[in-house]
Engineer: 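Structure below; questions to follow.
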2 protein chains.
Amino acid sequence: MKRRPNGVSRPTIVDVADVANVSRQTVSRVLADHPRVAPATRLRVEAAIEDLGYRPNRMARALVTRTSLTFGFAAVDMRDLHFGDTCAGMQAEARKHGYYLVVTKLDFEDDRGVGTLETLLTLGVDGIAFFPSFMEDTEIELFASTSGCPVVMIGRGSKIPHVVSIALDETAAADLIVDHLVQSGKRRIGVLMNEMYPKIVHDRFVALGRAITSRTDGVEPPVEADYPQISHGRDAATTLLQRRPDLDAIVGFNDTMAMGALLACHDLGLRVPEDVAIVGYDGIPFGAITSPPLTTIVQDSIGMADAAFKALLSCVQDGTPVEGEVVLWRPELLIRGST
Amino acid sequence: MKRRPNGVSRPTIVDVADVANVSRQTVSRVLADHPRVAPATRLRVEAAIEDLGYRPNRMARALVTRTSLTFGFAAVDMRDLHFGDTCAGMQAEARKHGYYLVVTKLDFEDDRGVGTLETLLTLGVDGIAFFPSFMEDTEIELFASTSGCPVVMIGRGSKIPHVVSIALDETAAADLIVDHLVQSGKRRIGVLMNEMYPKIVHDRFVALGRAITSRTDGVEPPVEADYPQISHGRDAATTLLQRRPDLDAIVGFNDTMAMGALLACHDLGLRVPEDVAIVGYDGIPFGAITSPPLTTIVQDSIGMADAAFKALLSCVQDGTPVEGEVVLWRPELLIRGST
DNA sequence: CTGTTAGCGCCTTCAC
DNA sequence: GTGAAGGCGCTAACAG
């Protein structure tokens, strides 16, 4: 029972073996629920474990088994409810299957995020799910092919070798939004994006741009805020409305930015939806209580989380290397008062 | 370069040593920035590391050094913005000091949360910060005294041996709220709590109960919702207002529940704040855009996160065992339209 | 059914 | 300045 540099010592498997008068290996067998252990021996070992308050060291175990029963999860900001819901969904699913989730913030400073994923790997995770906010596809491919574990990307529908991509069908979502707006008589549609999730922003804007251009006189460049938050959305929408005072609809990158647009309209004395209609993405609960409540593309975060977990699990269990596959999720337009 | 059960192999320190034509030990020295390595050797090793894409295995390292440069963080729901902000704050602080945060959901099913913290320990963290939503003080003390690492509790001001407690000064917060309400002419104040964070709820309700009783005709039992969310707050507030239609103020456990109370008042045709004033806790951004905007007790989540991280770090660095200390944070009342 | 041997990837200690 | 031996806590593989 050696001591840690600071604090109390924790018993090891040897301590348990000594107390129970068996070998380490027998303790190991009891822990693994191995069948061929005499019932009496098993009881002795279990009693010793209980007495000592022994807990196996998962790092030592993982070193030998090359399996930590741990997956890594990385996103820029867990407080963003789409990320948060996905993370929570994966945690729940993981627990059901005896896995733990190691959650980490994805940092731009850290090699555009690759460094963060590498650290997850050095921590010994068996697989990784992440939102590729600022990572380049080529970097992701390189990472995945050298990672030695399954890698799932959520939020972008790029086909990348060795990576399972799970994403909203951005084209379908954009069509839903723009059809709805055009049917409501809107013709001059502006877009609010942000610099925090440039990769997802890119896909979303491309899809929206196509949909808008094909149904109206065309789309102009989006206004990009630094962060996808209420106050930044408000500023961005104000800028947009100054540039194009004739806009009759604004699509925000997410609900939070759309809420900012709501505020900007209030500021400028514009009625929503009569003067300007507003649409967001994600379907967060707060969107239901703004005035007017927000029309939004609902994302099935939990469903995507389940799919991500299952993709990781099946790769690990079958030993199948990841082929590179894109799973697109059907969007749903929740129409409320803002359109 | 052995293979993992699934996927590609990752190089080890031995592979680097072979390529650089040195011993394992020399590679280890280079990694540790040990001074006594010949410059030429160091360059060879660094080149080999680069070539192979080698990354040290932190589990193997931690096994030897008994230090993982990792702290654990646990809370019931990272989407709750007070928890989320605190977590983000600790992540930021950790990165500055070369530490990583392993974030985990605290589960009631898992021994009221003790099991979750134990798992963090088996994962090898050097210290733990957590929100004690449903854990008993005695369980926390037992855990902390056998954990072998520093333990910081956030959100409750209990004095527990071997645990640093960082918490809002609930008494001061309750006084701020009730003084403000009474000065606004309110006398019949109801309270909304929840069953998800019973321990924090307890402290908060005791403080509110004292403050209300001492300044009005008395307080009645709170209505407890299952979860601290908008819809649950709405239902709870409806129940409360049916039980006591004469209420002229409602204090919610947090901003989210208070928003539910806002909706309940709209439902019942009550004006806010004229008929019923509403106050929340936390100061989340969405509280600024409700109608009317929410009066709230602002919590300095980032400040508390910094304090928590620093407490852990100093314990680990000095090797000081934790004495058991309570750090109370001064609340701030942000008065907006709902009062 | 149980014990022994070997080694996971790395660092500490002690040689040279 | 560099290498060799030993061990962190644990399990796989093979004995018996």
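The structure displayed is predicted, hence computed values, not measured ones. By convention in this document, chain letters (A, B, ...) are assigned in the order of the sequence lines, proteins followed by strands, and residues within each chain are numbered from 1.
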Engineer: With sequence neighbours excluded, give me every salt bridge (Lys or Arg N to Asp or Glu O under 4.0 Å) pair touching residues 18-29 of chain B.
Structural biologist: none
Engineer: Using the test ring-ring contact (aromatic ring centres under 6.0 Å, His included), find all partners of F130(A) that sit at least two apart in sequence or belong to another chain.
Structural biologist: none
Engineer: Taking the axis from the first five pairs and the axis from the last five, what angle separates them in the helix from dC1(C)-dG16(D) to dC16(C)-dG1(D), rounded to 10 degrees?
Structural biologist: 40°
Engineer: Tell me the interatomic distance from L63(B), atom CG, to dT12(C), atom P, rounded to whole angstroms.
Structural biologist: 13 Å
Engineer: Strictly by salt bridge (Lys or Arg N to Asp or Glu O under 4.0 Å), give each pair with a member in residues 301-311 of chain A just once, sequence neighbours left out.
Structural biologist: E93(A)-K310(A)
Engineer: Protein-nucleotides 10-14 of chain D N/O pairs closer than 3.5 Å?
Structural biologist:
{"from": "dC10(D)", "atom 1": "OP1", "to": "Y54(A)", "atom 2": "OH", "distance (Å)": "2.5"}
{"from": "dC10(D)", "atom 1": "OP1", "to": "N57(A)", "atom 2": "N", "distance (Å)": "3.0"}
{"from": "dC10(D)", "atom 1": "OP2", "to": "I13(A)", "atom 2": "N", "distance (Å)": "2.3"}
{"from": "dC10(D)", "atom 1": "N4", "to": "R24(A)", "atom 2": "NH2", "distance (Å)": "3.2"}
{"from": "dT11(D)", "atom 1": "OP1", "to": "R61(A)", "atom 2": "NE", "distance (Å)": "2.6"}
{"from": "dT11(D)", "atom 1": "OP1", "to": "R61(A)", "atom 2": "NH2", "distance (Å)": "3.1"}
{"from": "dT11(D)", "atom 1": "OP2", "to": "S28(A)", "atom 2": "OG", "distance (Å)": "2.8"}
{"from": "dT11(D)", "atom 1": "O5'", "to": "S28(A)", "atom 2": "OG", "distance (Å)": "3.4"}
{"from": "dT11(D)", "atom 1": "O4", "to": "R24(A)", "atom 2": "NH2", "distance (Å)": "3.0"}
{"from": "dA12(D)", "atom 1": "N6", "to": "Q25(A)", "atom 2": "OE1", "distance (Å)": "2.9"}

Engineer: Who passes salt bridge (charged side-chain N to carboxylate O under 4.0 Å, His left out) against E136(A), sequence neighbours left out?
Structural biologist: K199(A)
Engineer: Without decimals, in angstroms, what is the distance between R10(B) CZ and dC8(C) P?
Structural biologist: 18 Å
Engineer: Who pairs with Y99(B) by ring-ring contact (aromatic ring centres under 6.0 Å, His included), at least two apart in sequence or on another chain?
Structural biologist: F71(B)
Engineer: Quick one, which residues of residues 37-47 of chain A touch DNA chain C with a heavy atom under 4.0 Å?
Structural biologist: V37(A), A38(A), T41(A)
Engineer: Check for a donor-acceptor pair, side chain of R58(B) on one end and backbone N or O of L69(B) on the other, with a separation under 3.5 Å.
Structural biologist: yes
Engineer: Going by ring-ring contact (aromatic ring centres under 6.0 Å, His included), name the residues that satisfy it together with Y100(A), two or more places apart in sequence or in a different chain.
Structural biologist: none
Engineer: Among residues at least two apart in sequence or on other chains, which ones pass salt bridge (charged side-chain N to carboxylate O under 4.0 Å, His left out) with D51(B)?
Structural biologist: none
Engineer: Tell me: CE of M59(B) to P of dG7(D), nearest whole Å?
Structural biologist: 22 Å
Engineer: Can you check the H34(B) NE2 to dC10(C) C1' distance for me, whole Å?
Structural biologist: 16 Å
Engineer: Considering every strand and a 4.0 Å limit on heavy-atom distances, what is the contact class for S23(A): base, sugar-phosphate, or nothing?
Structural biologist: base
Engineer: Can you pull the side-chain hydrogen bond (donor to acceptor under 3.5 Å, both in side chains) pairs that have at least one residue in residues 70-79 of chain A, sequence neighbours excluded?
Structural biologist: D77(A)-R79(A), R79(A)-D85(B)
Engineer: Only counting residues at least two apart or in another chain, list the ones meeting ring-ring contact (aromatic ring centres under 6.0 Å, His included) with Y54(A).
Structural biologist: none
